[in-house]
2 protein chains.
Amino acid sequence: MLHLTISQGDGTPIYAQLVQQIKTLIATGRLKPDGELPSVRQLAQQLVINPNTVVRTYRELETEGLVYKKRGAGTFVSAEVTPYTEEVCREILGKRLDVLIVEGINMGFDKTQLINLLQDRWKALEQTKQEEEGD
Amino acid sequence: MLHLTISQGDGTPIYAQLVQQIKTLIATGRLKPDGELPSVRQLAQQLVINPNTVVRTYRELETEGLVYKKRGAGTFVSAEVTPYTEEVCREILGKRLDVLIVEGINMGFDKTQLINLLQDRWKALEQTKQEEEGD
DNA sequence: TAAAGTGTATTACACTATCGATACAGTGAT
DNA sequence: ATCACTGTATCGATAGTGTAATACACTTTA
């Protein structure tokens with residue numbers, strides 16, 4: 001059973017929380033390509049939310065090419081990670097980096113500090129992956 | 001007069017677009033500490049939007065400590081950039097970096113590529129700053 | 001003090017997002 | 001064919017968001 005949690009009442013929508021968590025699971029390899037995700041109803045029951053909310057989560061992930069669905073069978077992690085060209089990926093990530101950089105500068109960070117932070121976070125993310133694999 | 005533009009009809013709210021643009025102007029030094037921003041009414045007229053939308057923009061910026069307001073006088077760029085401790089800043093930026101890293105991994109980027117992208121964008125941002133100063 | 005500028009507060013309203021209830025449709029094992 | 005499982009589609013209640021209209025209060029300048 002997947003480690004998924006939601007915080008109700010928090011401003012962020014349930015489906016968005018789930019999208020982010022599942023993305024992380026995929027990125028860190030805890031959800032393998034062609035691995036099956038919980039069914040819409042099962043996950044809904046597990047989290048005590050409406051099946052439609054799970055549907056929306058999966059649709060969002062499908063739009064980004066991270067999962068594919070087989071009607072009547074289930075929802076699975078995509079083997080090919082992304083439907084975008086590398087050029088488009090650079091553009092998307094670049095724009096998001098821009099606003100992050102601006103925040104950083106306004107908070108008094110310099111380039112080196114930001115890069116260090118990035119490296120720390122990357123390491124931490126891989127760390128959690130290792131620990132999970134110890135299951 | 002500030003170079004501010006908005007795209008109506010685009011999903012992103014006007015006030016959010018303005019917040020981001022003004023943040024960039026501050027981060028790149030094109031708006032100097034204690035420099036005065038356009039008045040609520042003036043900017044509203046310039047962009048053909050409601051003054052309240054500008055009010056919201058400025059309030060957002062004030063909450064983050066980037067500007068301060070003098071009732072009856074105007075809105076100004078803060079001298080001290082941020083009201084947060086470095087620890088809190090790291091936390092905020094770190095969380096945002098986490099989701100960006102996950103996106104990056106899912107798009108097939110490795111750590112080096114992401115750092116390179118970060119450096120490129122940082123350089124580009126400083127570039128535009130230089131150009132503006134040539135006015 | 002008067003005028004003309006500043007930001008503030010209140011109210012209204014259209015629009016959208018979010019989530020739930022419920023009925024439908026495809027798939028696969030028996 | 002049937003059953004039990006998948007995902008799908010549609011509708012609606014509700015709350016929240018984004019923007020506007022308009023009247024208010026403070027400051028500065030003359």
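These numbers were taken from a predicted model, which means no experiment stands behind them.
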How long is the line joining [atom1] of [X] and [atom2] of [N], in whole Å?
X: B/R71; N: D/dC26; atom1: CZ; atom2: P; answer: 6 Å
X: B/K69; N: D/dT27; atom1: NZ; atom2: P; answer: 15 Å
X: A/L43; N: D/dT6; atom1: CG; atom2: P; answer: 12 Å
X: A/F76; N: D/dG7; atom1: CZ; atom2: C1'; answer: 11 Å
X: A/N50; N: D/dT8; atom1: CG; atom2: C1'; answer: 13 Å
X: B/E60; N: D/dT17; atom1: CD; atom2: C1'; answer: 12 Å
X: B/I14; N: D/dA20; atom1: CD1; atom2: C1'; answer: 11 Å
X: B/N52; N: D/dA21; atom1: CG; atom2: C1'; answer: 9 Å

| query | Across the strands shown, which category fits A/R56 at heavy-atom distances under 4.0 angstrom: base, sugar-phosphate, nothing? | reply |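 Sugar-phosphate contact only - A/R56 comes under 4.0 Å of backbone atoms but never of a base.
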| field | ring pair (Phe, Tyr, Trp, His ring centres under 6.0 Å) partners for B/F109, two or more places apart | value | none
| query | If you measure only the distance, is there a donor-acceptor pair under 3.5 Å linking the side chains of B/N52 and B/Y15? | reply | no
| Judged by modelled atom types alone, do A/R41 and A/S39 share a side-chain donor-acceptor pair under 3.5 Å? |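 A/R41 vs A/S39: no donor-acceptor pair found between side chains.
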| field | First encountered from the 5' end of DNA chain C, between A/T12 and A/R41 | value | A/T12
| 5'-most by nearest nucleotide on DNA chain C - B/T75 or A/A16 |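 Here B/T75 is the residue nearer the 5' end.
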| task | Please check if atom CD in A/Q46 has more than 12 non-hydrogen atoms from other residues, nucleotides or ligands closer than 6.0 Å. | result | yes
| said: Using heavy-atom distances to pick each residue's nearest nucleotide on DNA chain D, tell me which of A/L37 and B/G72 is more 5'. | reply: A/L37
| said: Judged by each residue's nearest nucleotide on DNA chain D, which is more toward the 5′ side, B/P13 or A/E36? | reply: A/E36
| Minimum heavy-atom distance B/L47-B/I6, with the two atoms named | O-CD1, 4.0 Å
| query | Which residue pairs satisfy the salt bridge (Lys or Arg N to Asp or Glu O under 4.0 Å) criterion with at least one member in residues 103-117 of chain A, sequence neighbours excluded? | reply |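 The answer is A/E103-B/K23, A/E103-B/R96.
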| Can you find a side chain N or O atom of B/Y15 that sits less than 4.0 Å from OP1 or OP2 on D/dT19? |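 Answer no for this pair, as no side-chain N or O of B/Y15 is under 4.0 Å from OP1 or OP2.
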| query | Earliest and latest nucleotide of DNA chain C, 5' to 3', sitting under 4.0 Å from a non-hydrogen atom of chain A? | reply |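 So the contact region on DNA chain C extends C/dT18 to C/dT27.
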| task | Using the ring of B/Y58 (Phe, Tyr or Trp, six-membered ring only), decide whether B/K69 places NZ or CZ under 6.0 Å from its centre and within 45 degrees of its axis. | result | no
